[in-house]
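For the numbers below, each heavy atom of this structure counts, side chains included, while hydrogens, waters and symmetry mates do not. We name chains A, B, ... by the order of the sequence lines, and we start the count at 1 in each one.
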Amino acid sequence: MKISEKNKDFFQSVFEVVKLIPEGRVTSYGAIAKCLGAPRSSRMVGWAMNASHSAKEPIPAHRVVNRNGLLTGKMHFSDPNEMQTRLEAEGHEIKNDQIQSFREVFWDPNTELEL
DNA sequence: ACAATGACTGAAT
DNA sequence: AATTCAGCCATTG
């Protein structure tokens, strides 16, 4: 699959935001999408994460979960278990593929980054 | 070009 | 409070 130049920029923006996520913090697709000015394109953010594998730079996609704190995209990683393991390594508590105290570790680029 | 899919979200039941 | 439905937007068949 090929990515148009136009969308590549969108992907790049997503990657930058994701890379800006502080360690021990997580965010949601919608938050990122909103930060990019496309609050309705949360799905595209997730799609961008899928493309993160093609990115030359390491994208901490494991810090990006849905607004429920659920690791919906863990299966898209090289090793699904790796996502949870990595999150736990950063001090998160995962239960049933869901981040406990998600609200405490949530990092909103719009607020924290104060765009 | 049309229809279907998806790492989502918000509203309705 | 939990489950279901519909809307969104880009990619793919």
Side-chain angles (χ1 to χ4, degrees):
Chain A
M1 54 184 179
K2 200 199 292 193
I3 303 164
S4 302
E5 299 289 314
K6 196 174 177 180
N7 292 320
K8 192 172 73 174
D9 184 58
F10 176 76
F11 279 44
Q12 189 63 48
S13 301
V14 175
F15 295 155
E16 285 201 41
V17 175
V18 174
K19 285 192 292 187
L20 283 171
I21 301 173
E23 192 173 298
R25 299 278 198 186
V26 292
T27 190
S28 66
Y29 303 93
I32 296 172
K34 187 173 184 179
C35 185
L36 299 177
R40 305 299 175 207
S41 301
S42 47
R43 286 188 146 107
M44 305 303 94
V45 176
W47 204 89
M49 293 289 88
N50 189 6
S52 68
H53 294 287
S54 299
K56 298 167 176 108
E57 303 177 66
I59 310 298
H62 59 275
R63 293 184 188 151
V64 184
V65 295
N66 68 352
R67 110 164 213 38
N68 241 332
L70 194 66
L71 286 68
T72 50
K74 65 170 196 167
M75 50 170 84
H76 289 267
F77 283 77
S78 308
D79 291 317
N81 192 29
E82 186 178 307
M83 184 175 187
Q84 178 174 331
T85 301
R86 239 179 136 163
L87 283 169
E88 289 180 312
E90 296 191 0
H92 300 303
E93 187 182 352
I94 314 298
K95 185 113 185 187
N96 195 9
D97 295 338
Q98 189 173 7
I99 300 175
Q100 305 305 294
S101 309
F102 170 65
R103 211 165 109 170
E104 297 179 28
V105 298
F106 180 69
W107 183 81
D108 188 343
N110 297 285
T111 306
E112 305 300 319
L113 206 58
E114 203 161 329
L115 176 61

### Sugar-phosphate, base or nothing in reach of A:Ala33, heavy atoms under 4.0 Å
nothing

### Query
Between A:Glu112 and A:Arg25, is the closest basic N to carboxylate O distance under 4.0 Å?
no

### Task
May I have the distance from A:Arg40 (atom CZ) to C:dA6 (atom C1'), rounded to whole angstrom?
13 Å

### Message
Tell me the interatomic distance from A:Asn66, atom CG, to B:dG6, atom P, rounded to whole angstroms.
### Response
16 Å

### Separation of A:Thr85 OG1 from A:Lys74 NZ (nearest 0.5 Å)
10.0 Å

## Note on the structure
CG of A:Leu36 to CZ of A:Phe11, rounded to nearest 0.5 Å, is 11.5 Å

### Summary
note: A:Ile32, atom CD1; B:dA7, atom P; distance rounded to Å ~ 15 Å

## Note on the structure
note: A:Asn68, atom CG; C:dT3, atom P; distance rounded to Å ~ 11 Å

### Task
Report the nucleotide, chosen from C:dT11, C:dC9, B:dT9, that has the shortest atom-to-atom distance to any side-chain atom of A:Ser42.
B:dT9

#### Entry: Atom pair distance, as rounded to whole Å: CD1 in A:Ile99 and C1' in B:dA7
13 Å

### Task
Using whole Å, report how far CE of A:Met44 lies from C1' of C:dG7.
12 Å

### Query
Hey, does A:His62 reach any base, or is it just sugar-phosphate, or nothing, if we go heavy atoms under 4.0 Å?
nothing

#### Entry: Length of the CZ-C1' vector between A:Phe11 and B:dA7, whole Å
12 Å

### Task
Tell me yes or no: between the side chains of A:Asn110 and A:Asp108, is some donor less than 3.5 Å from an acceptor?
yes

### Query
Rounding to a whole Å, what distance do you find between A:Arg67:CZ and B:dA11:C1'?
12 Å

